[in-house]
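Down below is the structure, laid out as structure tokens.
For the numbers below, each heavy atom of this structure counts, side chains included, while hydrogens, waters and symmetry mates do not.
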Amino acid sequence: MDAGRPNEKSEKQPYLPSSSPQNEKHTVPAGGPSAMATIHDDDERLLARIGYKQVRFRAHCATTAANSSQELRREFTKWSTVSYAISLLGVLGSQPATYGVPISVGGPATAVWTWFIGSVMAMVIASCVAELVSAYPTAGGMYFVTKHVVPPEHVAIWAWVIGWCNFLGQATGVASLAYTIGQMILAGASMNSAYADGTYAYSPTAAQTVLVAVLTLFVFGAICSLTTKALHRIVLWFAPINILASIGICIALLVLTPDKRSAKFVFTEIEDYSGWGNKGFSFLLGFLNVAWVMTDYDGTTHMSEETHDAAVRGPLAIRLAVLVSGVLGWLLNITFTFCLTPNYMEDIVGSPTGLPIAQIFLNAGGRSGGTAMLFFVILVQFFTGATALLANARMTYAFARDEALPFSRFWSKVNDRTGTPVNAVWLVVFFCCCLNLIGIGSTQTITAIFNLCAPCLDLSYVAVLFAHQLYADKVRFIEGPFTLGRWSKPLNILAISWVLFISVVLFCPTANPVTATNMNYAIVVAGAVGLFSLGWWWAGARNKYTGPRTQDIMSLVATSEPDDYA
């Protein structure tokens, strides 16, 4: 791979990803040819070439002045961007939340090897995503890239479907993260209550779990409403805590667990606990764990308009996050599996705490040690939820900026005090709260909604990759600083094939015989949402929505930089 090889650029002519001529609408500035703008640095020049205006971009004309409320500030540095990307995957928080799935359907080795394979494929997908967003680093992420890989006559429908798919995947991810935090907190309360006759004195109800999840979402919203500079300072600590806590928990479990399993048990034992009568299919069902955790690769790109040198640092952060999270997640999977009991289906999967990983911690460290380890898992999951909501809010802001939402002008407004899209943040909080409230009445339905996270996000990515390959001869695409070179096409094809294959598996019921209780309703929910979005499109949105809305404002840019930007 020609990984991250920058194109040559001069001080006066920095790298600019050229748009396809047929994809750009050239407009004459209101102030005429003499109306000029000044650019502070390459990031702003790049954003201007794409068609958006940065906070310090001073265009003395009515056309760009109208967009003055839609400006974000670049406060994220190289390290806060990397920390953000690693925290977005949040392996220590998310991996334990779903660890019970692979061991309950395919046995111990399923947990280990599905994670390994899934992480490798995640790197393939993430690299393909990084190549595209390197050329067009905006808050819209892969949704915005659609404009530059699809012929203009098809941009609107492609962008509409991809945008809604990405928004839904991120929203269900945020809601599920808040819900699992509720499960973890209440599992901790349960394991610290009195224990007698195989049960704990306290057992959380569905309503209590949802209440904690909703309160968590409000805390997420408060954090994500801060200024970008404050977010940068907070996010810097997320990745170091995640990495150090993961290593510490692995060491503690291996030292403290009195009776560990053999290497043969951990790496070779595959079972058919799903009831489908086939170990191979049961093994495939175990990919739900890694698919739910190792996704949202373009979440980092949603912060592009708040990141210095985003075309380079964004792709680097995406790939580094997948690498670090893949390795840490595999170590955690192996460690957890070594710490299973001989009768793990009853002792661990059927734990009275309601959370398999809580029982593993309890077996190793007792109440105090187990609670301490669970605390760090909850803390990292909290980091993940906050960063995921931040990404979802920026995607919502970008979607509203293109008038793809009801009351788009309100949701795309940037707060004058914080310089961030606060309205979009609280729209996501409200929507995710509504999703979680469903859990009070139906655990099966809320689980189905959460299961949409991975397929929706990954399908939104590969749809853009597919369009890029499909229209390669019709739409000119100029690479960004990061390129896969000759490996681009085969890796794109591999990513598309893998996501299509694994999405089918993830929509399958995880147990047989299928009943109303264990049915995987994700496909039903996905179908309903798909009908709604397409119905809205044909009902009238197609007459107004034109895809990502940009202006050719580079015609306003002076050829030389001024000495004073005051």
Side-chain angles (χ1 to χ4, degrees), residues 83-84 86-100 174 176-195 200-204 208-220 222-223 234-258 289 292-293 324-325 328-329 331-340 348 351-389:
S83 183
Y84 177 84
I86 293 174
S87 300
L88 197 57
L89 298 182
V91 64
L92 179 60
S94 300
Q95 194 273 346
T98 54
Y99 174 72
V174 173
S176 64
L177 286 165
Y179 191 84
T180 56
I181 289 173
Q183 288 180 314
M184 290 177 182
I185 290 175
L186 296 182
S190 179
M191 63 188 267
N192 281 281
S193 64
Y195 181 77
Y200 288 98
Y202 171 70
S203 180
Q208 290 170 338
T209 302
V210 170
L211 176 60
V212 175
V214 169
L215 293 175
T216 301
L217 285 167
F218 274 87
V219 178
F220 288 167
I223 294 173
I234 295 172
V235 168
L236 266 175
W237 295 97
F238 285 5
I241 293 174
N242 189 348
I243 295 170
L244 293 175
S246 298
I247 296 172
I249 286 176
C250 285
I251 294 173
L253 286 175
L254 292 175
V255 171
L256 297 175
T257 301
N289 173 233
W292 187 66
V293 180
V324 172
S325 298
L328 286 178
L331 292 177
L332 286 167
N333 262 298
I334 293 172
T335 301
F336 294 159
T337 308
F338 268 114
C339 296
L340 293 176
I348 305 299
S351 169
T353 65
L355 188 68
I357 201 64
Q359 190 63 51
I360 291 177
F361 292 161
L362 190 62
N363 292 347
R367 286 190 176 182
S368 58
T371 301
M373 287 186 276
L374 186 60
F375 167 78
F376 281 102
V377 170
I378 295 172
L379 182 63
V380 171
Q381 188 76 327
F382 183 86
F383 294 163
T384 304
T387 51
L389 191 144

Distance-minimising heavy-atom pair for Gly93 and Met184: O-CE, 3.3 Å
Working to the nearest 0.5 angstrom, can you tell me the gap between Leu355 CG and Leu374 CG? 7.0 Å
Any idea which heavy atoms bring Ser193 and Tyr202 closest together, and the distance? OG-N, 3.2 Å
Side chain to side chain donor-acceptor pair (under 3.5 Å) partners of Tyr179, counting only residues at least two apart: none
Using a 6.0 Å cut-off, check whether atom CZ of Phe376 has over 12 heavy atoms from anything other than its own residue. no
Heavy-atom distance under 4.5 Å between the side chains of Phe382 and Ile223, does that happen here? yes
Under the side chain to side chain donor-acceptor pair (under 3.5 Å) definition, can you give me all pairs with a residue in residues 86-98, not counting sequence neighbours? Ser94-Gln381, Gln95-Asn333, Thr98-Asn289
Considering residues at least two apart in sequence or located in another chain, which fulfil the side chain to side chain donor-acceptor pair (under 3.5 Å) criterion with Thr371? Asn192
Measuring only between side-chain heavy atoms, which start at C-beta, is Val377 closer than 4.5 Å to Ile357? no
Minimum heavy-atom distance Pro204-Ser190, with the two atoms named: CD-CB, 4.4 Å
In this structure, CG of Leu253 is separated from CD1 of Ile334 (nearest 0.5 Å) by 13.5 Å
Taking side chain as C-beta onward, heavy atoms only, is Val212 less than 4.5 Å from Gln183? no
Distance, nearest 0.5 Å, that separates CD1 of Ile348 from CG of Leu362: 9.5 Å
With a 3.5 Å distance limit and no angle check, can you tell me whether Thr180 reaches the backbone of Leu177 through a side-chain donor-acceptor pair? yes
With rounding to the nearest 0.5 Å, note down the distance linking CD1 in Ile234 to OG1 in Thr387. 12.0 Å
Would Cys250 and Leu332 count as a side chain to side chain contact (heavy atoms under 4.5 Å, CB included) if you check the C-alpha gap in whole Å, the side-chain angles of each, and the deciding distance to 0.1 Å? CA-CA 6 Å; Cys250 285; Leu332 286 167; 3.6 Å; yes
State which residues pass side-chain contact (heavy atoms from CB on, under 4.5 Å) with Val380; sequence neighbours excluded, sorted by chain then number. Leu92, Asn242, Thr384
Where Pro96 and Val91 come nearest, the two heavy atoms and their spacing: CD-O, 3.4 Å
Between Gln208 and Ser203, the two heavy atoms sitting closest are OE1-O, 4.3 Å
Output for pair (Ile241 CD1, Leu236 CG), nearest 0.5 Å, gives 11.0 Å
How many angstroms lie between atom CG of Leu256 and atom SG of Cys339, to the nearest 0.5 angstrom? 9.0 Å
Minimum-distance pair of heavy atoms, taken over all atoms of Phe361 and Phe336: CE2-CE2, 4.1 Å
Tell me every residue that passes side-chain contact (heavy atoms from CB on, under 4.5 Å) with Val324, counting only those two or more places apart in sequence or in another chain. Ile86, Ile243, Leu320, Leu328
Does anything in residues 352-363 form a side chain to side chain donor-acceptor pair (under 3.5 Å)? List the pairs, not counting sequence neighbours. Ser351-Thr353, Ser351-Gln359, Gln359-Asn363
Stepwise, does the side chain to side chain contact (heavy atoms under 4.5 Å, CB included) test hold for Tyr99 with Thr337? CA-CA 10 Å; Tyr99 174 72; Thr337 308; 2.9 Å; yes
Do Phe383 and Trp237 touch side chain to side chain, with heavy atoms closer than 4.5 Å? no
